[in-house]
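Data first, discussion second: the structure below is written as structure tokens.
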Protein chains: 2
Amino acid sequence: MGRRKSYDRDVLVGKAVEIFRDHGFAGTSAEMLVAGLGVNRYSLYAEFGSKQALFEAALQRYDEEVLERNFGPLEAPGAGIDEVRALLEFFGSARESPASGRGCLLCNTAVEFGPDDPSGAGFVQQYFERLSEAFYAALSNAGGKGELRRSVDPREEAGFFTASVLGLFVMLRAKAPPTVIESAARVAIGHLEALRAKPPA
Amino acid sequence: MGRRKSYDRDVLVGKAVEIFRDHGFAGTSAEMLVAGLGVNRYSLYAEFGSKQALFEAALQRYDEEVLERNFGPLEAPGAGIDEVRALLEFFGSARESPASGRGCLLCNTAVEFGPDDPSGAGFVQQYFERLSEAFYAALSNAGGKGELRRSVDPREEAGFFTASVLGLFVMLRAKAPPTVIESAARVAIGHLEALRAKPPA
DNA sequence: ACTATATCTAAACGATCGTTCAGAAACAAC
DNA sequence: GTTGTTTCTGAACGATCGTTTAGATATAGT
């Protein structure tokens, strides 16, 4: 039995998420990772194999934790309009959001790499699917409960809300004027509320 | 009189726009610029001074040409709902848009650099202001002509449409499923049309 | 034809890139 | 205390980074 590790892999991945979220893949050097993770260079490569592999572990972690925390409520059984509204309100609170200055790691990655896939695993396409399916699920639930106007197409609206939150992520990332972010969220919420079926007279 | 230049500065900047649009700033090497612009390394630095300076020239050019072409119609005197609609229809045509796989250079830059300004010139913040002011101008015009419902706040809606097109840019950049892009644009257009004042009975 | 000057060509600079290596240190088992 | 093994330390590898340089070439003016 040899020397024990002085780090925890899960902790390292968590820290890597934050570093890649701030700087992107190309803008993050191995040196930055060594400094930010607090491990030596040898252990970084022994544990993860390559910078790319660490990046993919970070994307996986982000999906499991951050996307799960934010979009999981929409995917839950019984989720509906209120869950969508809570999400929009959360991202519209520009000054307080943890995404301020940082945005969403998967959104940032989508833009950084464009149509080139940073890994064979299709993280970005899965991300778009997850977002639109989450909105679709919540709105379909609402429709099934009679909470949506009959004319509403949950599939169409899902695409719309996906674009809305991606736009919020961009503005949060680059610290657009908070008033623009808040307006965008309020109108999206107004649009959402307008989808509700009117209660019978 | 010495040897004449075998390049045109404006042509080089135009090519640089395309390269930075595809690969971002960090993802574009000097070698890629030399190859893509078709000049020698000496001339690249003689003409522009640095990679950063070329990047800023590209951002300026993009603003003057691409943003002008796309958002200029909203800024024009007399612009209204129809101009906003045309813009949304244009970006919603995912398969045909020149932005497919590339998005918007300023949006990409906003995400790549986050709150760090890539130059002292504030290109990204000016970009957000330009977008939201363009939407505001067009919607204010419509309001002034009595074409908007009285309850509509052009300032709020401008923030919303800014987020919408940024979201479309992200999805275009990463080649999200065209159905999601098209749905997002259609619903945004539906929302826009719902802002129209009803004609008197 | 010669000269002065500007640009091109090819190479190189110092620094950093992502990754690997050799030896030292720390540890558990014996 | 010794041994075998794993991790850490510090350095270095080959490649590429952004930028500069020296000499060659092309050009206009004389």
I need the [atom1]-[atom2] distance between [X] and [N], as an integer number of Å.
{"X": "B/Tyr42", "N": "D/dA24", "atom1": "OH", "atom2": "C1'", "result": "13 Å"}
{"X": "A/Lys51", "N": "C/dT20", "atom1": "NZ", "atom2": "P", "result": "14 Å"}
{"X": "B/Leu54", "N": "D/dG18", "atom1": "CG", "atom2": "C1'", "result": "13 Å"}
{"X": "A/Glu47", "N": "C/dT19", "atom1": "CD", "atom2": "C1'", "result": "16 Å"}
{"X": "A/Leu44", "N": "D/dT9", "atom1": "CG", "atom2": "P", "result": "13 Å"}
{"X": "A/Gln52", "N": "C/dG18", "atom1": "CD", "atom2": "C1'", "result": "12 Å"}
{"X": "A/Phe55", "N": "C/dT19", "atom1": "CZ", "atom2": "P", "result": "14 Å"}

Under-3.5 Å donor-acceptor pair between A/Arg4 side chain and D/dT7 base =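 Counting by modelled atom types and ignoring angles, no donor-acceptor contact under 3.5 Å is found here.
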Salt bridge between A/Lys15 and A/Glu18, side-chain N to carboxylate O under 4.0 Å?
->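 The answer is no: the pair does not qualify as a salt bridge.
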Indicate, with a heavy-atom threshold strictly under 4.0 Å, whether B/Phe48 touches base, sugar-phosphate, or nothing.
->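 Counting heavy atoms under 4.0 Å across all strands, no contact is made by B/Phe48.
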Counting side-chain heavy atoms from CB outward, which of [options] is closest to [X]?
{"X": "B/Asn40", "options": "D/dT19, C/dC21, C/dT9", "value": "C/dT9"}
{"X": "B/Tyr45", "options": "D/dT7, C/dT19, D/dT20", "value": "D/dT20"}
{"X": "A/Arg3", "options": "C/dT7, D/dT6, D/dG18", "value": "D/dT6"}
{"X": "B/Arg41", "options": "C/dT19, D/dT20, D/dT9", "value": "D/dT20"}

Mapping B/Gly2 and B/Glu31 to their closest nucleotides on DNA chain D, which lands nearer the 5' end?
->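 Upstream on the strand: B/Glu31.
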Go through the structure and list residues passing ring-ring contact (aromatic ring centres under 6.0 Å, His included) with B/Phe20, not counting sequence neighbours.
->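 With sequence neighbours excluded, B/Phe20 shows a ring-ring contact (aromatic ring centres under 6.0 Å, His included) to B/Phe55, given in chain and number order.
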Are the side chains of A/Glu75 and A/Glu133 in touch, meaning some heavy atoms are under 4.5 Å apart?
->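 Of all side-chain heavy-atom pairs linking A/Glu133 with A/Glu75, none is under 4.5 Å.
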Could you tell me whether a side-chain N or O of B/Glu157 sits under 3.5 Å from a main-chain N or O of B/Leu139, the two making a donor and an acceptor?
->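 Pair absent, no side-chain N/O of B/Glu157 close to backbone of B/Leu139.
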Considering just the side-chain nitrogens and oxygens of B/Ser29, establish if one lies under 4.0 Å of OP1 or OP2 belonging to D/dC17.
->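 B/Ser29 to D/dC17 OP1/OP2: side-chain N or O found under 4.0 Å.
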Distance from B/Lys175 atom NZ to B/Ile181 atom CD1, nearest 0.5 Å?
->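 One gets 10.0 Å once the value is rounded to the nearest 0.5 Å.
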